[in-house]
Amino acid sequence: MKKISVVVPMYFEEEVANECYIRTKNVLEKISKYEYEIIFVNDGSQDRTMHILENISSDDKNVKVISFSRNFGHQAAVTAGLKYTTGDAVIIMDADLQDPPELIEEMIKLWENGNDVIYAKRKSREGETKFKLLTAKMFYKILDKLSDTKIPQNTGDFRLADRKVIDIINSLPEHNKFLRGLFSWVGFKQTPIEYERKKRIAGKTKYSLGKMIKLASNGITSFSTKPLKILGVLGGISVLTSFIILIYAIVSYIFKLNQLTAGWTSLMVTITFLGGMQLLSIWLISEYVGKIYDETKQRPEYIIDKKINID
Ligand code: UDP
Ligand code: MG
């Protein structure tokens, strides 16, 4: 009998953990031709999340739990979950039920029809701040422009992937994975499925602004080196501009067009502009160098404290 795996990361999700389990289980029980497993990854929650997961998994052997020693972040939690899946198809889902588990049924149908990756595309997004909607839109636009890999817009990590794709993702040695990018990068037969993204059923977002910036920066630097090339173009433009200013000054001097001693403003503008450009460039380079540094340290992406129902 073929098997379906569902991976759900949880960070401070005591308010939703139980309902998430029940709704997911109901959907999977209904699709009776497959065995299933649900892997909950507790990403260092300090609330009752782990306690609830312990209870669920002691009654239901289809539920497996991985618990981290501290908070390692959403992408690390999903990465760990994927490593322990044993199913023929794997579904990644959020705990807050913004990704409706009921969509799994349709995903499985598309998978049975020969698709390898079925990614859920958000037709609409409920209960999200204007700021988040705007910044998310900008981020996906920029990513699309910069990245050589086509990464679908309005798509999070909610998706189904075939075993062969999961095996490849699991074998990638890179740290700080930007999963939604990697799932596109692998290729194979990909197909979208549209859905309306609902509000969180309870609790607040666990994606702080800092975490969002980290994800965005990681997404861009993992999938493009174009920002470094843009630095070159900007550098070229400013050198060219300074040449033009120089020629203008010489011509002015020779033909006595105007007195440039009153050039304080232009001087300040140039200096601050170039200074700013240089600092920005250094910051951008340091993002890439920092990434190389992180990879060379070879530290694990996460540390597991406890596993339940996993041999
Ligand atoms: N999450 C996690 N670790 C974190 C932050 C979030 O495992 O450090 C989980 C969280 O429990 C949820 C999923 O990632 O299952 C998506 O987070 P959330 O719903 O808070 O993000 P949003 O939907 O607001 O973007
Ligand atoms: Mg959410």
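As a basis for the values below, the full set of heavy atoms in this structure was taken, side chains included, without hydrogen atoms, waters or symmetry mates. For ligands, and for the atoms within them, numbers begin at 1 and follow the listed sequence.
- Scanning all protein heavy atoms for the shortest distance to atom 17 (O) of ligand 1 gives Y207 CD1, 3.7 Å.
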Discussion item. Could you walk me through whether F183 and I169 satisfy the side chain to side chain contact (heavy atoms under 4.5 Å, CB included) test, starting with their C-alpha distance in whole Å, then the side-chain angles of each, then the deciding distance to 0.1 Å, before giving a yes or no?
Written reply: CA-CA 8 Å; F183 273 106; I169 297 281; 3.9 Å; yes
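- Of all atoms in ligand 1, numbered sequentially from 1 with element shown, those under 4.0 Å from a heavy atom of N71 are 3 (N), 4 (C), 8 (O).
- Neither the backbone nor the side chain of M212 has any atom closer than 4.0 Å to an atom of ligand 1 (non-hydrogen atoms only).
- Scanning the protein heavy atoms around atom 10 (C) of ligand 1, the nearest turns out to be E13 OE2, 3.2 Å.
- Using a 4.0 angstrom heavy-atom cutoff, R125 does not count as in contact with ligand 1.
- Regarding atom 3 (N) of ligand 1, its nearest protein heavy-atom neighbour is D43 OD2, 2.6 Å.
- Around the NZ atom of K297, the shell of radius 6.0 Å holds more than 12 heavy atoms that belong to other residues, nucleotides or ligands.
- The shortest distance between side-chain heavy atoms of Y36 and V6 does not fall below 4.5 Å.
- With hydrogens left out, the protein atom closest to atom 8 (O) of ligand 1 is K211 NZ, 2.8 Å, a heavy atom.
- Checked by atom type, the side-chain pair E287/S217 shows a donor-acceptor distance below 3.5 Å.
- Residue D96: an N/O/S atom is found under 2.8 Å from the Mg ion (ligand 2).
- For K137, the NZ atom counts as loosely surrounded, since its 6.0 Å shell holds 12 or fewer non-hydrogen atoms of other residues, nucleotides or ligands.
- The distance from ligand 1 to the heavy atoms of M10 drops below 4.0 Å at these ligand atoms: 7 (O), 11 (O).
- Counting only distance, with no hydrogens or angles, the side chain of N42 and the backbone of M50 share no donor-acceptor pair below 3.5 Å.
- Judged by the 6.0 Å and 45° rule, R70 forms no cation-pi pair with F68.
- Of all protein heavy atoms, the one lying nearest to atom 19 (O) of ligand 1 is D96 OD2, 2.6 Å.
- Across the listed options H74, K206, Q98, Q98 owns the non-hydrogen atom lying nearest to atom 23 (O) of ligand 1.
- No more than 12 heavy atoms of other residues, nucleotides or ligands shown are found within 6.0 angstrom of NZ on K214.
- Scanning the protein heavy atoms around atom 13 (C) of ligand 1, the nearest turns out to be D94 OD1, 3.5 Å.
- Although no hydrogens or angles enter the test, the distance criterion places no donor-acceptor pair under 3.5 Å between the side chain of T149 and the main chain of I151.
- Ranking the protein heavy atoms by distance from atom 1 (N) of ligand 1 puts Y11 CB, 3.7 Å first.
- Counting heavy atoms under 4.0 Å from ligand 1, residue V8 does not touch it at all.
- What sits closest to atom 18 (P) of ligand 1 on the protein, heavy atoms only, is R200 NH2, 3.6 Å.
- Judged purely by atom type and a 3.5 angstrom limit, S45 has no side-chain atom pairing as donor or acceptor with the backbone of D47.
- The N/O atoms of K132, backbone and side chain alike, include one that comes under 3.5 Å of an N/O atom in ligand 1.
- Within the 4.0 Å heavy-atom criterion, both parts of T205, backbone and side chain, lie near ligand 1.
- Contact annotation: T205 places no N, O or S atom under 2.8 Å from the Mg ion (ligand 2).
- Looking at ligand 1, you won't find any N or O of G73 less than 3.5 Å from one of its N or O atoms.
- Screening N115, I118, V165 for a side chain to side chain contact (heavy atoms under 4.5 Å, CB included) involving K189 leaves a single residue, N115.
- S224 contributes a side-chain N or O that, together with a main-chain N or O of L146, makes up a donor-acceptor pair within less than 3.5 Å.
- At a 3.5 angstrom cut-off on N or O pairs, A77 does not count as close to ligand 1.
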